[in-house]
Amino acid sequence: AFAMVQSVTAFYIQDRFGYSLDETAQTTALLLGTMALMAIVTQLTIVQRYKGGPLNLIRFSVPLFILSCLFIIFSPNFLFLFMGMAAMGLGMGLASPGYTSAASLNADKDNQGAAVGLAMVAPGIGFALGPFLSGLLYSSYMNLPFIFILPLFLLLVILLSRLEQKN
C-alpha cells in the first residue's frame with residue numbers, strides 16, 4: 001500500500017490540482033518528506049514508549065491508513081491531501097516495527113531469524129509490485145490505487161484476528 005501511494009503521488013498531485021512540473025516536484029517532495037518524517041517521529045516517540053504487544057501497533061495503524069486513503073481520495077484541497085499523507089506516515093511508523101516484532105516474537109527461537117528475514121522481504125516485494133500495479137490502476141482512474149488498498153486493510157484486520165486467536 002505504501003509503495004503504491006508513493007509511486008503515484010506526483011501524478012496524483014499534478015492531475016488533481018493542475019500543478020506545473022515545478023510545482024508538482026516541490027509538492028511531491030513536501031508530501032513524501034512529510035510522510036517519512038511522520039513515520040520517523042512516530043517511531044522515535046510513540047513506539048519507543050509503547051509497552052504493549054506488536055500486533056496492537058499494527059492494529060493502531062489500520063485506522064490511520066484508512067483515514068489517510070479517505071483524506072486523499074476526497075481531498076477538496078491540498079491541506080486535506082497533506083493531512084492524508086501525514087496520517088499514512090503515522091500509520092507506517094506504527095506498522096513497520098509492529099510487523100517486524102510480531103514476526104520475531106511469533107516464531108520459535110530456532111526460526112526467529114528466518115521470520116524476521118521474511119518480514120524484511122515483504123516491503124521489497126511491495127516496492128517491486130506496488131508501482132506496477134498502481135500505475136495500471138491509476139491509468140484507469142486516478143483514485144483507484146487508493147480505493148484498491150482499502151480492502152487490503154480489511155484483510156489485515158482479519159489476519160490480526162487470526163493471529164490473536166492462535167496466541
Side-chain angles (χ1 to χ4, degrees), residues 1-14 16-17 19 22-106 112 115-131 134 138 143 145-157 159-160 163-164:
F2 200 57
M4 289 179 73
V5 170
Q6 284 184 327
S7 64
V8 297
T9 296
F11 302 120
Y12 191 81
I13 294 165
Q14 193 169 34
R16 184 73 186 255
F17 300 109
Y19 288 170
D22 286 343
E23 291 170 320
T24 298
Q26 292 170 358
T27 306
T28 301
L30 173 68
L31 290 175
L32 295 180
T34 298
M35 199 167 32
L37 179 64
M38 295 306 290
I40 292 166
V41 167
T42 301
Q43 290 177 4
L44 291 176
T45 58
I46 297 169
V47 174
Q48 292 296 316
R49 291 179 177 89
Y50 178 71
K51 302 295 183 210
L55 293 179
N56 282 334
L57 285 173
I58 301 169
R59 180 173 288 106
F60 299 149
S61 74
V62 171
L64 291 166
F65 283 127
I66 292 170
L67 182 67
S68 71
C69 288
L70 295 175
F71 266 63
I72 292 166
I73 292 167
F74 297 110
S75 57
N77 55 45
F78 178 76
L79 179 61
F80 277 81
L81 179 62
F82 181 84
M83 291 186 325
M85 297 296 264
M88 183 160 291
L90 286 170
M92 279 306 298
L94 294 173
S96 294
Y99 75 76
T100 304
S101 299
S104 175
L105 294 173
N106 283 300
Q112 282 184 331
V116 172
L118 188 57
M120 303 292 17
V121 168
I125 292 170
F127 279 97
L129 298 178
S134 63
Y138 191 89
N143 283 323
F146 307 102
I147 294 167
F148 177 84
I149 61 179
L150 285 170
L152 295 178
F153 300 122
L154 176 61
L155 287 173
L156 181 58
V157 169
L159 287 172
L160 287 172
L163 278 174
E164 285 180 338

Report summary line: Sorted by chain and number, sequence neighbours left out, side-chain contact (heavy atoms from CB on, under 4.5 Å) with I73 holds for N143, F146, I147, L150
Query raised in the report: How would you list all residue pairs meeting side chain to side chain donor-acceptor pair (under 3.5 Å) that involve residues 23-36, not counting sequence neighbours?
Result: S20-E23
Query raised in the report: Are the side chain of D22 and the backbone N or O of A25 linked by a donor-acceptor pair below 3.5 Å?
Result: no
Requested in this report: Rounded to the nearest 0.5 Å, what's the gap from CG on L31 to CZ on F78? Could you check?
Outcome: 4.0 Å
Report summary line: Hits for ring-ring contact (aromatic ring centres under 6.0 Å, His included) against Y19, two or more places apart or cross-chain, chain-then-number order -> F17
**Report entry** Validation row: V5, Y12 side chains within 4.5 angstrom (heavy atoms)
**Finding:** no
Query raised in the report: For Y99, what residues pass the ring-ring contact (aromatic ring centres under 6.0 Å, His included) criterion, not counting sequence neighbours?
Result: none
Query raised in the report: How many angstroms lie between CG in L94 and OG1 in T42, if you round to the nearest 0.5 Å?
Result: 5.5 Å
Query raised in the report: How many angstroms lie between CD in Q43 and CE in M92, if you round to the nearest 0.5 Å?
Result: 8.5 Å
Report task. Work out which heavy atom in I149 is nearest to a heavy atom in C69; give both atom names and the distance. Result -> CD1-SG, 3.4 Å
**Report entry** For I125, side-chain contact (heavy atoms from CB on, under 4.5 Å) partners two or more places apart
**Finding:** V121, L129
Report task. With sequence neighbours excluded, tell me which residues meet side chain to side chain donor-acceptor pair (under 3.5 Å) with S134. Result -> S7
Report summary line: F65 and A95 have their tightest heavy-atom pair at CE1-CB, 4.0 Å
Report task. Output every pair passing salt bridge (Lys or Arg N to Asp or Glu O under 4.0 Å) with a member in residues 76-94, not counting sequence neighbours, ordered by first then second residue. Result -> none
Query raised in the report: What residues, two or more places apart in sequence or in another chain, satisfy side-chain contact (heavy atoms from CB on, under 4.5 Å) together with L37?
Result: V41
**Report entry** Value rounded to 0.5 Å, distance of CD1 in I13 from CZ in F11
**Finding:** 11.0 Å
Report task. Not counting sequence neighbours, list each pair that qualifies as a side chain to side chain donor-acceptor pair (under 3.5 Å) and has a residue in residues 58-71. Result -> N56-R59, R59-E164
Report task. If the plane angle is over 60° it's perpendicular, under 30° parallel, otherwise tilted; pick one for Y50 and F60. Result -> perpendicular
Requested in this report: Applying ring-ring contact (aromatic ring centres under 6.0 Å, His included), name anything that partners F127, two or more places apart in sequence or on another chain.
Outcome: none
Requested in this report: Sequence neighbours left out, what passes side-chain contact (heavy atoms from CB on, under 4.5 Å) with L44? Give chain and number order.
Outcome: I40
Query raised in the report: What is the distance from atom CG of L152 to atom CG of L159, rounded to the nearest 0.5 Å?
Result: 10.5 Å
Query raised in the report: To the nearest 0.5 Å, how far apart are CE in M85 and CD1 in I72?
Result: 5.0 Å
Query raised in the report: So, R16 side chain and S75 main chain: donor-acceptor pair closer than 3.5 Å or not?
Result: yes
Report task. Looking only at non-hydrogen atoms, find the nearest pair between A3 and G130 and report the distance. Result -> CB-CA, 4.4 Å
**Report entry** Test ring-ring contact (aromatic ring centres under 6.0 Å, His included) applied to F2 - qualifying residues, sequence neighbours left out
**Finding:** none
